[in-house]
Amino acid sequence: SVPSSLGARLPSMAILALAPRPPAARGAVAANRPLASRSAWRACEPCLGRRRSLQGVQFGRAAAAAAVAVWAGWSRRLRKDAVRRADCSIARHAAEAPAREAAVGPWAQQTVTVLFDGACSVCKWEVDMLKARQADLGGSSLLFVDTAAEDYDASTWAGIDAVTAAGLEGQGIHGLLPSGEVIYGIPVFKLIYEELGWGWLFAAHGVPVLRELIEVGYYLFAVNRLKITGRWADDEELRRALAARASGAEACERCSAGGGLS
């Protein structure tokens, strides 16, 4: 039998058990509950997978942005180096600028005069294609001059000799504007193709990332053009001429800085 004192308390204990607990009491009970079972963790695995895939996408975007930044910086350094060397090459003819301005050169009536290497198979193929397009249009103002021809005279063409016109220092193809200004590289091609109605082919050059890719690709081709076309002997000969010219320019700079030879 149940003791009388316990029997007297049973109704009140039942009421307390069924009565709603205050929030603080519920929190204390919840804190004492055991950890969730493994089945509950498995139920959350899809959420974890989605979270991991999102983190992978974010990491891929960050890595791509970093790669583009590194590539852009490298291409800018290459372009600046090529421009610096080209400016040094063109500066050698600065003393002849007044004479060129006074005399009207054969390039004055042309949109652009293109100085190309006729001994280069790739260059010759492209120039032949451009000349055919020019003949079809009949109204373009382009002049193509072969720097590999026997009768080529650098004094007639702003003092640009065959060594400079080869563009092995990264400048690539050279051109002359009606004012006598010398340009080189991608700007020459852009003027040519715009004059022939094919300017849309260089639309990608206006896109920031693609512009760097195109310029770096052309720089690498210009530097290795003779080797790519199988003219290894010509490449060595022209590089020896460039080295001799650079050493002579350095000697002149040292002489000027030292006030002349004693």
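Keep in mind that the numbers below use all heavy atoms, side chains included, and drop hydrogens, waters and symmetry copies.
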Which atom pair, heavy atoms only, marks the closest approach of [X] to [Y]?
X      : Y      : answer
Leu191 : Ile183 : CD1-CD1, 3.6 Å
Val188 : Gly175 : CG2-N, 3.9 Å
Gln110 : Leu143 : CG-CB, 3.7 Å
His174 : Gly167 : CE1-CA, 4.3 Å
Pro178 : Ala108 : CB-O, 3.5 Å
Gly172 : Ala222 : CA-CB, 3.8 Å

Let me confirm one number: the [atom1]-[atom2] distance from [X] to [Y], rounded to the nearest 0.5 Å.
X      : Y      : atom1 : atom2 : answer
Thr156 : Trp107 : OG1   : CH2   : 8.0 Å
Leu176 : Ile160 : CG    : CD1   : 4.5 Å
Tyr184 : Ile173 : OH    : CD1   : 14.0 Å
Ile186 : Tyr193 : CD1   : OH    : 10.0 Å
Thr164 : Leu242 : OG1   : CG    : 7.5 Å
His205 : Leu213 : NE2   : CG    : 10.5 Å

Could you check whether any side-chain heavy atom of [X] comes within less than 4.5 Å of a side-chain heavy atom of [Y], counting everything from C-beta outward?
X      : Y      : value
Arg225 : Val122 : no
Val114 : Leu130 : no
Phe202 : Ile214 : no
Glu195 : Val112 : no
Arg231 : Asp117 : yes
Gln134 : Phe144 : yes

Exercise for the section: Indicate, with yes or no, if Leu168 and Trp232 share a hydrophobic cluster defined by side-chain heavy-atom contacts under 4.5 Å among Ile, Leu, Val, Met, Phe, Trp and Tyr. Expected result: no

Practice task
Classify the ring geometry between Phe189 and Tyr218 as parallel (under 30°), tilted (30 to 60°) or perpendicular (over 60°).
Solution key: perpendicular

Handout entry: Donor-acceptor contact below 3.5 Å, side chain Thr147 vs main chain Phe116
Key = yes

Exercise for the section: Look at the side chain of Ser141 and the backbone N and O of Gln109, then say whether any donor-acceptor pair between them is shorter than 3.5 Å. Expected result: yes

Practice task
Just grab all the salt bridge (Lys or Arg N to Asp or Glu O under 4.0 Å) pairs involving residues 137-155, residues at least two apart or on different chains.
Solution key: none

Practice task
Using the test side-chain contact (heavy atoms from CB on, under 4.5 Å), find all partners of Arg133 that sit at least two apart in sequence or belong to another chain.
Solution key: Leu137, Leu196, Trp198

